[in-house]
Amino acid sequence: QLQLVESGGGLVQPGGSLRLSCAASGFTLEYYAIGWFRQAPGKEREGVSCISLSGGIAKYADSVKGRFIISRDNAKNTVYLQMNSLKPEDTAIYYCAADRFGGVHAMCDMRSGMDYWGEGTAVTVSS
């Protein structure tokens, strides 16, 4: 079965950190650009960060620049999102997606079609 599985979400206090993982099953991630997206209650899904096939290009939403770091380990077929200095407004369901032909900019702007989506992992930032 071809799928993406996110993990690492949870409840954290403001200022804390979490690392999300996006693991692929049934296909090889190294042939795909990978993005992290989030959707807060009552809001539209938005791009958070995207990374190119080689990992050489990364894009971040302005709201997370300097706090989040995206990385990939193609040998482990996994992409990570290190989230630091978390704020209550980071609370959302976080999803990862894979795009075979899109560039990171189009992907994070949600202007390209995603080949696969994960089911999401919940992140709650609250004291």
Side-chain angles (χ1 to χ4, degrees):
Q1 187 175 0
L2 308 180
Q3 60 180 353
L4 292 171
V5 179
E6 302 96 336
S7 62
L11 172 64
V12 63
Q13 292 187 343
S17 298
L18 283 174
R19 188 176 80 156
L20 305 183
S21 298
C22 172
S25 175
F27 67 102
T28 303
L29 271 186
E30 68 177 313
Y31 300 118
Y32 295 79
I34 304 297
W36 284 98
F37 302 82
R38 67 186 180 186
Q39 188 165 18
K43 295 188 177 181
E44 293 187 352
R45 192 171 297 190
E46 63 175 353
V48 175
S49 182
C50 299
I51 190 167
S52 63
L53 276 68
S54 67
I57 301 173
K59 177 179 169 65
Y60 297 92
D62 288 343
S63 59
V64 307
K65 280 180 183 176
R67 299 189 298 122
F68 291 11
I69 301 171
I70 191 170
S71 63
R72 65 190 301 158
D73 186 339
N74 287 337
K76 294 183 177 180
N77 221 23
T78 303
V79 172
Y80 304 98
L81 185 69
Q82 178 67 42
M83 306 188 297
N84 302 317
S85 302
L86 283 161
K87 304 175 181 180
E89 50 264 45
D90 294 318
T91 295
I93 305 295
Y94 283 72
Y95 303 88
C96 64
D99 186 345
R100 182 70 174 88
F101 297 109
V104 294
H105 297 282
M107 188 179 191
C108 259
D109 291 341
M110 302 189 72
R111 292 183 284 110
S112 64
M114 310 302 169
D115 295 287
Y116 303 103
W117 281 96
E119 294 293 318
T121 185
V123 172
T124 302
V125 185
S126 175
S127 55

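FYI, the numbering just counts along the sequence from 1. Just so it is clear, the values below take in all heavy atoms, side chains as well, and ignore hydrogens, waters and symmetry mates. Computed from a predicted structure; not experimentally measured.
Side chains of Asn84 and Ser17: a donor-acceptor N/O pair is present below 3.5 angstrom, by distance only.
Shown here are the side-chain contact (heavy atoms from CB on, under 4.5 Å) partners of Ser7, two or more places apart in sequence or in another chain: Ser21. Under the rule for a salt bridge (Lys or Arg N to Asp or Glu O under 4.0 Å), Arg100 has no partner lying at least two apart in sequence or in another chain. Under the side-chain hydrogen bond (donor to acceptor under 3.5 Å, both in side chains) criterion, Asn74 pairs with Arg72, not counting sequence neighbours. Under the ring pair (Phe, Tyr, Trp, His ring centres under 6.0 Å) criterion, Phe27 pairs with Tyr32, Tyr116, not counting sequence neighbours. Residues that satisfy the side-chain contact (heavy atoms from CB on, under 4.5 Å) test with Val12, not counting sequence neighbours, are Leu18, Leu86, Val125. By the side-chain contact (heavy atoms from CB on, under 4.5 Å) test, Ser25 pairs with Gln3, sequence neighbours left out. Taking the side-chain contact (heavy atoms from CB on, under 4.5 Å) definition, one finds that Ser54 meets it with Ser52, sequence neighbours left out.
Side-chain contacts under 4.5 Å among hydrophobic residues (ILVMFWY), followed directly or transitively, place Ile93 together with Phe37, Tyr95, Met107, Met110, Met114, Trp117.
Residue Leu20 holds its CG atom at 12.5 Å from OG1 of Thr78, rounded to the nearest 0.5 Å.
Between the side chain of Asp99 and the backbone N or O of Ala33, no donor-acceptor pair lies under 3.5 Å. Looking at Thr121, its side chain never comes within 3.5 Å of a backbone N or O of Glu6 through a donor-acceptor pair.
Listed by first and then second residue, the salt bridge (charged side-chain N to carboxylate O under 4.0 Å, His left out) pairs that reach into residues 105-118 are Asp109-Arg111, sequence neighbours excluded. Applying the disulfide (SG to SG under 2.5 Å) rule to pairs touching residues 82-127 yields Cys22-Cys96, Cys50-Cys108, sequence neighbours excluded. Screening residues 18-31 for salt bridge (charged side-chain N to carboxylate O under 4.0 Å, His left out) gives no qualifying pairs among residues at least two apart or on separate chains.
Cluster annotation: Tyr31 and Val79 are assigned to the same hydrophobic cluster (Ile/Leu/Val/Met/Phe/Trp/Tyr, side-chain heavy-atom contacts under 4.5 Å, transitive). Cluster annotation: Ile34 is not connected to Val5 through the hydrophobic network of ILVMFWY side chains, with a link wherever side-chain heavy atoms come within less than 4.5 Å. With hydrophobic clusters built from ILVMFWY side chains whose heavy atoms lie under 4.5 angstrom apart, Ile51 shares a cluster with Leu29. Linking ILVMFWY side-chain heavy atoms closer than 4.5 Å, directly or via other members, places Val104 and Tyr60 in two distinct hydrophobic clusters.
Residues Pro88 and Pro14 meet the side-chain proximity criterion, which asks for heavy atoms closer than 4.5 Å. You'll find the side chain of Leu81 reaches within 4.5 Å of the side chain of Val48, heavy atoms only.
Within a 6.0 Å radius of CD in Glu119, no more than 12 heavy atoms belonging to other residues, nucleotides or ligands are found. Other residues, nucleotides and ligands contribute over 12 non-hydrogen atoms within 6.0 Å of the CD atom of Glu89. Within a 6.0 Å sphere centred on CD1 of Ile57, other residues, nucleotides and ligands contribute 12 heavy atoms or fewer.
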Acceptor/donor pairs from residues 62-71 side chains to any protein atom, 3.5 angstrom cut, sequence neighbours excluded:
{"unit_1": "Asp62", "atom_1": "OD1", "unit_2": "Lys65", "atom_2": "NZ", "d": "3.1"}
{"unit_1": "Ser63", "atom_1": "OG", "unit_2": "Arg38", "atom_2": "NH2", "d": "3.3"}
{"unit_1": "Arg67", "atom_1": "NH1", "unit_2": "Ser85", "atom_2": "O", "d": "3.0"}
{"unit_1": "Arg67", "atom_1": "NH1", "unit_2": "Asp90", "atom_2": "OD2", "d": "2.7"}
{"unit_1": "Arg67", "atom_1": "NH2", "unit_2": "Ser63", "atom_2": "O", "d": "2.8"}
{"unit_1": "Arg67", "atom_1": "NH2", "unit_2": "Asp90", "atom_2": "OD1", "d": "3.0"}
{"unit_1": "Arg67", "atom_1": "NH2", "unit_2": "Asp90", "atom_2": "OD2", "d": "3.4"}

